[in-house]
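Some notes on the structure that comes next.
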Amino acid sequence: MFACLHGSVALAALAFEFSPVVEQTAPHTVTLDASGLDRLFGLPQDVAAAIARRVSEVGIQASLALAANPDAAICAARGFPGVSIIPYGDEAKFLGVLPLALLGPSPELQETLDRWGIRRFQDMAALPPLGIAERLGPEGLHLRELARGEAERKLLPLEEPLCFEDELELEYPVDLLEPLAFVLARLINGLAVRLATRDLATNELRLRLKLETRATHERTLRLPVPSLDTKAFLKLLQLDLAAHSPAAPVVHVHLAVAPVKPQAAQSGLFVPVTPEPVKLELTLARIQSIVGENRVGRSQLVDTHRPDAFRVIGFGGVEKRPARGPAADQGVRPPNLSLRMFRPPRAAHVSLASGQPSFLAADGIRGKILDFAGPWRTSGDWWTADPWLRDGWDIALSDGALYRLYCCPHGWFLEGSYD
Amino acid sequence: MTDYIELHARSAFTFLEGSALPEDLIGACAQFAMPAMAIMDRNGLYGAPRFHMAARKAGLRAHIGSEITCTNGRTYPFLVETREGYCNLCRLVTRMKLRAKKGEGAASLDEIAEFSAGLICLTRHADARLFEIFGPRHLYAELQRHYHREEEAHNQAIVESARRLGIPIAATNGVSYAAPAQREMLDVFTCIRNHVTLMDAGRLLERNSERHVKTPAEMAHLFADLPEAIANTRRAPRIHAR
């Protein structure tokens with residue numbers, strides 16, 4: 001059994017709700033393989049009623065036809081408004097009144113048939129096949145088959161778009177995380193099942209919440225490896241929403257996941273067991289909810305002249321190597337001394353003589369500056385709201401200790417000591 | 001008053017590697033009562049005519065030179081000493097440009113040797129081959145100080161090398177813009193040259209704003225430990241070609 005929907009809008013998404021085998025026959029005509037739907041809905045009348053109900057639910061104007069072969073269903077959907085059910089064997093009788101132009105014959109054939117006075121399906125169906133084959137050739141024979149509703153063919157199935165999204169309109173605004181978690185769990189489970197049936201997993205969850213104030217609250221979670229662990233997904237979303245709670249009660253929830261192929265790797269027999277990536281991500285999310293956002297991850301050097309510049313990136317990201325700057329190309333040997341950085345830098349009081357540091361007093365460090373090298377001057381980010389400018393010195397105190405000192409608009413600081 | 005004159009200034013005619021017009025450089029030179037200055041655009045003498053005219057108008061002396069890219073990957077700054085040197089520099093540039101695409105081209109050390117007469121080489125990479133080509137009177141070890149730790153380490157190596165070869169040292173500031181504020185324009189030019197945004201340029205940008213025209217007093221203070229490097233800037237360009 002085949003069903004055809006003919007309307008004024010794209011109907012493919014609707015057709016996929018009933019069958020995985022859908023043919024986009026024309027821009028506004030879709031044909032679907034309805035075999036098996038009788039097990040779900042019952043008689044063909046019930047199948048037609050279910051499809052028609054869904055069509056009216058989504059507010060689409062479309063005619064529907066069910067027939068034993070796709071072309072009969074297409075002709076009926078295009079020719080008759082509303083719902084048409086063609087009984088098996090009665091196709092020629094049912095379609096007989098339709099105009100022949102509905103089959104779209106070539107202009108030459110149309111002209112010939114007009115001259116013969118053949119204008120309806122029943123006229124064409126009544127012609128002898130041998131005479132049509134002699135006078136009109138294969139095209140004429142095919143047209144006769146269509147007119148009699150006897151043409152048999154297979155559908156050209158449309159690839160179902162891989163769109164893993166789901167949404168839910170809430171009956172009343174939800175402002176607590178716990179009831180929202182139930183809604184999220186339902187959406188996550190549904191999406192996970194859809195992913196699993198296609199042997200896919202996800203590494204990205206995109207949540208969009210519509211609020212009572214008509215504002216939108218969007219969050220995106222990225223996982224280091226693809227997974228289908230719905231409990232972990234739910235917990236991650238809960239933790240994220242606890243850290244970034246919506247500003248108003250939620251009235252609509254939309255969840256989308258990015259479909260990716262699941263990772264399958266066999267660990268070595270003698271390799272130490274590592275925690276599951278998703279569970280590790282969950283642990284990191286819990287830590288982040290305590291220490292704050294952007295405070296969990298690994299440090300990465302920033303490609304800049306700004307001293308000691310780094311940023312914290314997640315564990316899952318691919319490290320981007322800093323571009324080689326002009327200084328890196330000079331072949332300068334690295335210094336032989338090791339520098340122990342003070343984190344944070346220690347505030348210092350420095351006395352100047354002739355514009356150069358002469359005496360240092362900092363937390364636990366005090367002495368006359370006997371020798372120094374510098375200043376080493378850097379400045380940059382002049383186009384941002386946070387430009388920097390600083391002069392650094394390497395100093396030797398009277399007790400023989402070597403330190404790195406710098407001066408910036410915020411004052412003097414001791415950056416570290418040389419071993 | 002100190003003896004310093006700037007011998008290594010790059011104008012905006014060095015496309016996207018300098019951000020000051022030749023007139024701006026001469027303006028700064030006149031402002032700081034510097035009697036002369038040398039222009040050294042990359043692989044050409046593009047800014048020299050305007051630089052010369054502006055200097056003559058201001059009553060200053062314009063020295064002409066060019067940074068020539070060598071096939072060994074280094075860039076050697078050459079300063080014209082005589083009329084013959086000017087001709088040789090023009091011939092050297094012409095030869096290297098004729099055989100390469102626009103914006104490319106490099107001269108070999110043999111070609112530099114062929115056209116070395118009348119030229120002074122100021123270099124941070126002095127070696128035996130250059131000493132052989134230019135001799136002790138026409139080869140200077142160039143020192144630059146931009147408050148940069150690694151550069152200072154390199155300077156110490158240059159001074160050692162100069163003493164070993166027996167050649168004089170000369171201080172320059174490797175000027176790329178006339179005033180510190182023009183560093184921002186040079187940063188933007190650098191981004192355009194490398195097809196990156198300011199946010200992504202990173203260490204391609206200038207480390208600080210010290211490549212501007214500095215006063216003789218500033219340069220003397222900067223090279224207080226090497227006064228001969230300042231004094232030699234007056235002795236280096238014994239210009240006869242006018």
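Everything numeric here is computed off the predicted structure, so don't read it as measured data. In what follows, chains are A, B, ... by sequence order, proteins preceding strands, each numbered from 1.
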Seminar exercise, completed: Contact list (residues 179-195 of chain B to chain A, heavy-atom gap under 4.5 Å, by number) returns Arg183(B), Glu184(B), Asp187(B), Val188(B)
Does atom [atom1] of [X] have more than 12 heavy-atom neighbours from other groups under 6.0 Å away?
X         : atom1 : result
Arg99(B)  : CZ    : yes
Arg129(B) : CZ    : yes
His349(A) : NE2   : no

Exercise. Do Arg145(B) and Leu226(B) touch side chain to side chain, with heavy atoms closer than 4.5 Å?
Worked result: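 Touching, per the 4.5 Å side-chain cut-off.
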For this session: Determine, stepwise, if the pair Asp240(A) / Arg219(A) fulfils salt bridge (charged side-chain N to carboxylate O under 4.0 Å, His left out).
Result: CA-CA 8 Å; Asp240(A) 189 70; Arg219(A) 301 295 304 162; 2.7 Å; yes
For this session: Mind running ring-ring contact (aromatic ring centres under 6.0 Å, His included) on Phe51(B) and Tyr46(B) for me, showing each step along the way?
Result: CA-CA 9 Å; Phe51(B) 186 77; Tyr46(B) 313 108; over 10 Å; no
For this session: Go through the atoms of Glu152(B) and report whether side chain, backbone, both or neither lie under 4.5 Å from a heavy atom of chain A.
Result: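 Looking at Glu152(B), just its side chain touches chain A.
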Problem set entry | Straight-line distance of Lys368(A) NZ to Ser351(A) OG, nearest 0.5 Å |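 Going from the NZ atom of Lys368(A) to the OG atom of Ser351(A) covers 11.5 Å.
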Problem set entry | Contacting moiety of Trp382(A), where chain B heavy atoms sit under 4.5 Å |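 Only the side chain of Trp382(A) comes within 4.5 Å of chain B.
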